[in-house]
2 protein chains.
Amino acid sequence: MAKQEKPDWNGCPTRYAAGIVGDKWCFLLLRDVLLHGKRTYREFLGSPEGISTNILANRLAKLETLGMLTREPDPRKASSVCYFPTKKARDFLPALISMMVWATRYDEVTEAPASFAKSFGEDPKGTIAWYETEIDRVDQALRAG
Amino acid sequence: MAKQEKPDWNGCPTRYAAGIVGDKWCFLLLRDVLLHGKRTYREFLGSPEGISTNILANRLAKLETLGMLTREPDPRKASSVCYFPTKKARDFLPALISMMVWATRYDEVTEAPASFAKSFGEDPKGTIAWYETEIDRVDQALRAG
DNA sequence: CCAGAATACTTGCAAAATGCAAGTGGAGTT
DNA sequence: AACTCCACTTGCATTTTGCAAGTATTCTGG
């Protein structure tokens with residue numbers, strides 16, 4: 001009557017994060033949504049990494065399924081679609097910024113100014129709040145039509 | 001005489017991070033090294049996600065190339081090998097913990113106790129210092145032979 | 001109202017990455 | 001000398017990716 005050992009695939013928070021962020025394209029899409037104010041398919045396609053159209057469609061669907069994005073018609077134009085970050089995605093901001101701070105330190109060709117890491121180190125909450133405000137600005141402008 | 005536009009593949013810190021962490025297996029190996037004190041091939045193989053041997057070898061080499069791990073003979077046994085986290089890897093701890101805090105909030109079957117996120121929220125530096133101490137303990141014990 | 005452009009995808013296919021099982025080679029142990 | 005343990009490597013079938021082309025719906029200008 002030994003208790004069934006299930007393969008330990010649930011429960012580990014790192015593994016949970018890896019399931020979402022442990023994919024280059026999902027990771028970069030989150031950057032585009034959270035940091036660069038991108039919301040449409042066309043904007044995502046325009047990112048310098050050059051994601052291909054089928055992969056983009058696949059990852060947008062994945063991120064929607066995972067509760068990171070919501071897919072809504074563009075109020076400005078019915079033929080267009082917007083992907084908005086959910087609260088779950090916005091709450092990922094501190095982790096994303098943490099990774100940027102780390103990368104800024106170790107990527108010798110980084111574009112990010114040293115002041116970025118410094119300001120986050122001095123006032124993490126303020127830095128995050130600033131990005132949240134930017135997200136609100138973009139989304140409110142869009143939803144207003 | 002237009003200046004050559006290079007495809008903007010360098011410089012973005014998020015992209016730099018994505019190049020390392022935007023891979024499920026690298027991500028989980030960093031967890032094993034930084035959080036679970038694993039150092040040998042055999043220990044990594046034992047993780048519940050079940051990485052296969054060729055992929056493990058490939059990712060260990062990748063992480064070594066990226067300066068996240070150093071490969072050294074095991075002082076206890078010359079036929080064995082240890083992978084130690086570099087400073088660059090250790091400096092990734094805050095980001096990793098940030099992601100765990102986020103995952104703990106959104107993974108409804110998380111194993112992590114609520115107290116974990118709470119203690120990190122109240123004293124992030126202390127939490128990170130605690131993990132650093134653990135890493136030192138493991139590595140010093142190993143290197144002592 | 002209609003031709004052409006724009007947007008958000010889908011499809012097909014070749015190339016690359018992955019997962020699995022089995023094998024290799026060297027050191028330690030009996 | 002035989003056996004075991006460890007850290008990989010190899011071969012091969014399956015899956016995922018990247019690229020190019022195509023489709024359906026919605027604007028836009030004349």
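Every chain is numbered from 1, with letters handed out A, B, ... down the list of sequences.
Rounded to whole angstrom, the span from the CD1 atom of Ile55(A) across to the C1' atom of dA17(C) amounts to 12 Å. dT18(C) atom P lies 13 Å from atom CG of Leu28(B), rounded to whole Å. Atom CD1 of Ile51(B) and atom P of dT18(C) are 10 Å apart (whole Å). Look at CG on Asn54(A): it is 16 Å from P on dA16(C), rounded to the nearest Å.
Using a cutoff of 4.0 Å between basic side-chain nitrogens and carboxylate oxygens, Asp136(B) and Arg90(B) are scored as salt-bridged. Using a 4.0 Å cut-off between a side-chain N of Lys or Arg and a carboxylate O of Asp or Glu, Arg39(B) and Asp139(B) qualify as a salt bridge.
Evaluation of the side chain to side chain contact (heavy atoms under 4.5 Å, CB included) rule for Asp91(B) yields Trp102(A), Arg105(A), Tyr106(A), Lys87(B) as partners, not counting sequence neighbours. Scored by the side chain to side chain donor-acceptor pair (under 3.5 Å) test, Arg31(A) finds Glu49(A) as partners (sequence neighbours excluded).
When DNA chain D is scanned 5' to 3' for any atom under 4.0 Å from a heavy atom of chain B, the first and last hits are dC6(D) to dG11(D).
Comparing Ser80(A) and Arg59(A) by the nucleotide of DNA chain D that holds the closest heavy atom to each, the one mapping nearer the 5' end is Arg59(A). Nearer the 5' end of DNA chain D, as judged by each residue's closest nucleotide, is the contact made by Ser52(A), out of Ser52(A) and Lys77(A).
For the pair Arg143(A) and Phe84(A), the cation-pi criterion (under 6.0 Å, within 45° of the ring axis) is fulfilled.
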Side-chain polar contacts of residues 121-128 of chain B - donor-acceptor pairs under 3.5 angstrom, sequence neighbours left out - could you list them?
unit_1    : atom_1 : unit_2    : atom_2 : d
Glu122(B) : OE2    : Lys118(B) : NZ     : 3.0
Asp123(B) : OD1    : Gly126(B) : N      : 2.9
Thr127(B) : OG1    : Asp123(B) : O      : 3.0

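Note on residues 57-68 of chain A: pairs passing side chain to side chain donor-acceptor pair (under 3.5 Å), not counting sequence neighbours, are Asp23(A)-Arg59(A).
One finds no side-chain N or O of Arg76(A) lying less than 4.0 angstrom from the OP1 or OP2 phosphate oxygen of dT7(C).
Looking at heavy atoms from C-beta onward, Leu45(B) lies in side-chain contact with Leu56(B) at the 4.5 angstrom threshold.
Scanning residues 36-45 of chain B for heavy-atom distances under 4.0 Å to DNA chain D yields Thr40(B), Tyr41(B), Arg42(B).
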